[in-house]
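Down below is the structure, laid out as structure tokens.
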Amino acid sequence: MAFSCRAVSSNLRTLQNPSSPQSLPYTPLTSRFFTVKHAFTSLRSNSIPQKFTKASMAEITAPKYKGNVKVFDTEEDLAVSLAKYTADLSSKISQERDSFTVVISGGSLVKSLRKLVEAPYIDSVDWSKWRVFWVDERVVPKDHPDSNYLLAYTEFLSKIPIPAGNVYSINDALSAEGAADDYETCIKHLVKTQIIDQSKATGFPKFDLMLMGIGPDGHIASLFPGHPLVQEKEKWVCSIKDSPKPPPERISFSLPVINASANIALVVAGAGKATALRTALSDESNDVDVLPVQLVAPEGELSWFLDKEAASKL
Ligand SMILES: O=C1O[C@H](COP(=O)(O)O)[C@@H](O)[C@H](O)[C@H]1O
């Protein structure tokens, strides 16, 4: 079968020395949409009740279908919790199956994975079971500063003992259409060989975990507000040549693939994302201007990891 996404094993070796690397009172969280479920400390440090000083996380109840929403005092706390969540899932699924299929986005999400490469997880996680994929990728060479692969390699993959052949990046020698087709062929093969699970309900690949950021405009992966790609119902992997955010040429998992996931964690930090987040977590519907992030509704579990700046408009 002619697909090339597994060629990443040689890419990984190449990139070990890339030639040019870039290298409460809880009123703020209680609005008409949200109520605080458990709170361990106030998000306003000047009003921390004694019994809430043990940790820095508040759990809020959004509309039920929106999943589990955790708000952290700082992005550092968010990263600590995200590492535990991911490691726990890795441990559970690695005991049940031969592979743990993890899909990552680019952008700020990648830095928030930093605690996973530290003790205790660097030693306790069974990295040999991990299979890593990208929910979207920019169609640029793998040593280009815009490459999501390069970012993940630099910040995460180069720091974990994952077999190089378990990292599935795109073929950067192809056009956007060619790379999307090639990636889809690769994923179909992995579904056929049962490395990736398949949704019984929809037939789409069912990844164990998708770790994704969102853009300030509410985009997820390379599915941008108002772009026809958001409506894709058949393809597993799509290409885009007119991305409103540079670079213009990208590939992206389609929404049905994203929503077939067993677990999705949406990781959002910073005030720049607060407006999109409010729209995403509200119950307000507006069919005209719906944001891609509002359409995230996995078959399995949806979890939100927010810092308090991102949650400031909830
Ligand atoms: O272009 C992209 O942007 C989004 C969001 O990035 P962030 O830096 O604002 O978190 C990212 O999830 C996606 O993978 C990437 O290609």
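When a ligand or atom number is given, it counts from 1 through the structure's own listing order.
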Check your understanding: Who are the residue neighbours of ligand 1 when the rule is a heavy atom under 4.0 Å from any of its atoms?
Key -> Ser105, Gly106, Gly107, Ser108, Asp136, Arg138, Asn148, Gly213, Ile214, Gly215, His219, Ala221, Lys245, Arg250, Lys273
**Study point:** Backbone N/O of Ile195 and side chain of Arg97: donor-acceptor pair under 3.5 Å
**Key:**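 Confirmed, Arg97 side chain pairs with Ile195 backbone.
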**Study point:** Asp88 with Lys92: basic N within carboxylate O range, under 4.0 Å
**Key:** no
**Study point:** Single hit among Lys111, Lys115, Lys308 for salt bridge (charged side-chain N to carboxylate O under 4.0 Å, His left out) with Glu76
**Key:** Lys115
Exercise for review: Measure centre to centre between the rings of Tyr149 and Trp134, then say whether the value is under 6.0 Å.
Suggested key: yes
Review point. Between Tyr85 and Phe305, does the ring centroid distance fall short of 6.0 Å?
Key: yes
Practice item. Among Leu211, Ile160, Leu157, Val267, find the residue that satisfies the side chain to side chain contact (heavy atoms under 4.5 Å, CB included) test when tested with Leu113. Key: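 Single side chain to side chain contact (heavy atoms under 4.5 Å, CB included) partner of Leu113 among Leu211, Ile160, Leu157, Val267: Leu211.
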